[in-house]
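Only this structure's heavy atoms are used, side chains among them; waters, hydrogens and symmetry mates stay out.
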Amino acid sequence: MKFDIFADLSWRGLIHQSTDDANLPTWLDQPRTVYIGFDPTADSLHVGSLMQLMLLRRFQNAGHRPIALVGGATGMIGDPSGKSAERNLLTVDTLRANVVGLESQMRRFLDFEAGENGALLVNNFDWMRKFSYLDFLRDVGKNFPVNVMLAKDSVKGRLERSDAGLSYTEFSYMLLQAYDFAYLNEMHGCELQIGGSDQWGNITAGIDLARRMRRVQLYGITSPLLTDSEGKKIGKTEGGTKVWLSSERTSPYLFYQYWINMPDDDAGTCLRFLTELPREEIEALDQARRDEPQRRESQRRLAEEITRLVHGTEGLAAAQGATQVFFGGEISGLADHELIEIFPDVPSTTIPKTDLGGEGLGILDALASAGLAKSKGEARRSVQQGGIYVNNRRVTDPEKRLTAADLASETVIVLRSGKKRYALLRCLG
RNA sequence: GGGGGGAUUCCCGAGCGGUCAAAGGGGUCAGACUGUAAAUCUGAUGGCUACGCCUUCACAGGUUCGAAUCCUGUUCCCCCCA
């Protein structure tokens, strides 16, 4: 195989630890089968999973066969790694629905039809459900020395805390994940498991188990956690809401904006971890970021690459189109459908058309009913402080009344509070 | 079981009979600056039919012209002793 994936991952900084630094590069000269597990805690993946998805994609592009494992069974238990407290268990129905949601998103990243190295999607519920408790204890549990289990960071950390316990259920989690690896090795010849750095214990548990059960040598690689320059996990907006991959939960526009707003210090890491741009280009961007940070070339490329991958060319185009309007000048002379396409995730409120007749609708009432202000008092303050815009034109008079003259299109008035918060007012009837 | 302390507006935390919609900080929102950044600075931050009115200081009563502040009971929290 011509492409040295190990070297590529190394310079990108994607390798935190591996079970065999010396031999893995040559071992990967042959096509291998590699797996990463995903937790079905929601019906969509979020930005936090991007790095893992990209890792699988990178391996596939390098000629290896990726397996995405959805943890329908393990999700029922809950991984204690990195969790400070016992997890709430998800119901079977929720899990099933979540698994379906994740599958469709995986297809954006992996090619399932590629023949030899076509991606595989598996759900560990399919094989775990058949196990009886006794069988599991005899076949799998027997291979786990408790003293080794106790030494794992995930377990040790929890036992040392006086305020959070660890149930037998969660304690058993690593057996399940370990068995997954052994099972995938048996059924699909999978030999390499990748995970975040917090997965090291679970991965090595799988390697040990496979050695005992099947006398084979498997490998593991962990990636660093994707954190920002302050050490917080990447994937949440300033407001603390997660950035999801599904357009229902996070619109392409907001998704695109999330990357556009990435701080300089984190842009380089994200480019390396989350895009497939070649080394020369990323290094050129590093340089550009130092020389002309105000151009934000890195953020633009980052947003472009990731948005295109997650939402497709159309999604990217929509996001960029919306960006132009959002950060452009006055809004007028547009058609209804254009506005509504541009502002897909902007909340819209419908008011009767008659409100605009006569004296018109008070701006304060409009803001409050559109949800841009919690109360009319708050709306008044915003106006007085110069933070309110109608069709992107500042309004300073709290007594202003909206009339038909303020329509940006046939039926829509665009309200804005501050720099970025928009709301549409649709006047129908 | 005995003793003590506490519950204040989004959060922390002052206030201990009127001058209290309640200090200060955090957060949040807005403005300026800027790179749709960071930092910084400024203003705002219970509601309303808005120079006035209404509802807030755990809950329910009471004392008083007047209570977040005093009294009684209830609930919850914390600490100390057993």
Whole-Å distance, Gln299(A) CD to G35(B) P, equals 13 Å
So Arg380(A), base contact, sugar-phosphate only, or nothing? Heavy-atom distance under 4.0 Å.
base
So what does Arg296(A) touch, heavy atoms closer than 4.0 Å: a base, only the sugar-phosphate, or nothing? base
Regarding the side chain of Thr323(A), the nearest nucleotide among A44(B), G31(B), U36(B) is U36(B)
Q. Counting only side-chain N and O atoms of Tyr258(A), is one of them less than 4.0 Å from OP1 or OP2 of A37(B)?
A. no
**Asked** Under 4.0 Å between a Lys/Arg side-chain N and an Asp/Glu carboxylate O for Glu297(A) and Arg301(A)?
**Response** no
Under 4.0 Å between any heavy atoms, over every strand shown, what does Tyr389(A) touch: base, sugar-phosphate, or nothing? Just pick one. sugar-phosphate
Counting the atoms with a prime plus P, OP1 and OP2 as sugar-phosphate, which does Pro293(A) contact under 4.0 Å by heavy atoms, base, sugar-phosphate, or nothing?
base
Which part of the nucleic acid, if any, lies within reach of Glu292(A) when heavy atoms closer than 4.0 Å are counted: base, sugar-phosphate only, or nothing?
nothing
_Taking the basic N atoms (NZ, or NE/NH1/NH2) and the acidic carboxylate oxygens, is any pair closer than 4.0 Å for Arg393(A) and Asp406(A)?_
no
With a 4.0 Å cut-off on heavy atoms, is Gln384(A) in touch with a base, just the backbone sugar-phosphate, or nothing at all? nothing
Donor + acceptor pair across side chains of Ser197(A), Gln17(A) (<3.5 Å):
no
Atom CD of Gln294(A) and atom P of A39(B) are separated, to the nearest Å, by 19 Å
Arg295(A) atom CZ is separated from G35(B) atom P, nearest whole Å, by 13 Å
When rounded to whole Å, the CG to P distance for the pair Asp365(A) and U49(B) reads 7 Å
Pairing partner of G35(B), by Watson-Crick or G-U wobble and under 3.5 Å for both distances, is none
(Q) Mind checking if Ser417(A) touches a base, just sugar-phosphate, or nothing, with heavy atoms under 4.0 Å? (A) sugar-phosphate
(message) Please classify the nucleic acid contact of Arg300(A) as base, sugar-phosphate, or nothing, using heavy-atom distances under 4.0 Å.
(response) nothing
The ring pair (Phe, Tyr, Trp, His ring centres under 6.0 Å) partner of Tyr253(A) among Trp259(A), Tyr258(A), Phe326(A) is Phe326(A)
From CD of Glu378(A) across to P of G47(B) the rounded distance in Å is 7 Å
Pairing partner of A60(B), by Watson-Crick or G-U wobble and under 3.5 Å for both distances, is U72(B)
Exercise. Establish, with yes or no, whether the OP1 or OP2 oxygen of U49(B) is under 4.0 angstrom from a side-chain nitrogen or oxygen of Lys376(A).
Key: yes
Phe326(A) CZ to U36(B) C1', in whole Å, measures 12 Å
The nucleotide from G31(B), C29(B), U36(B) with an atom nearest the side chain of Gln257(A) is U36(B)
Rounded to whole Å, CG of Leu364(A) lies from P of A50(B) at a distance of 11 Å
Point to revise | C1' atoms of G17(B) and C79(B), separation to the nearest Å | key: 30 Å
Item to complete: Fit a plane to each ring of His311(A) and Phe255(A), take the angle between them on a 0 to 90° scale, and name the class: parallel (under 30°), tilted (30 to 60°) or perpendicular (over 60°).
Response: perpendicular
Here the distance between atom C1' of A32(B) and atom CD of Gln385(A), to the nearest Å, is 12 Å
Ranking A44(B), G35(B), A37(B) by distance to the side chain of Arg381(A), first place goes to A44(B)
> Is Lys420(A) near enough to A37(B) that one of its side-chain N or O atoms lies under 4.0 angstrom from OP1 or OP2?
Replying inline: yes
- Might you work through the salt bridge (Lys or Arg N to Asp or Glu O under 4.0 Å) test for Arg279(A) and Glu283(A), ending with a clear yes or no? CA-CA 6 Å; Arg279(A) 181 169 192 165; Glu283(A) 283 169 354; 3.0 Å; yes
Taking for Pro263(A) and for Ser375(A) the nucleotide of RNA chain B with the nearest heavy atom, the one nearer the 5' end belongs to Pro263(A)
Partner of G17(B) under the Watson-Crick or G-U wobble criteria, both distances under 3.5 Å, comes out as none
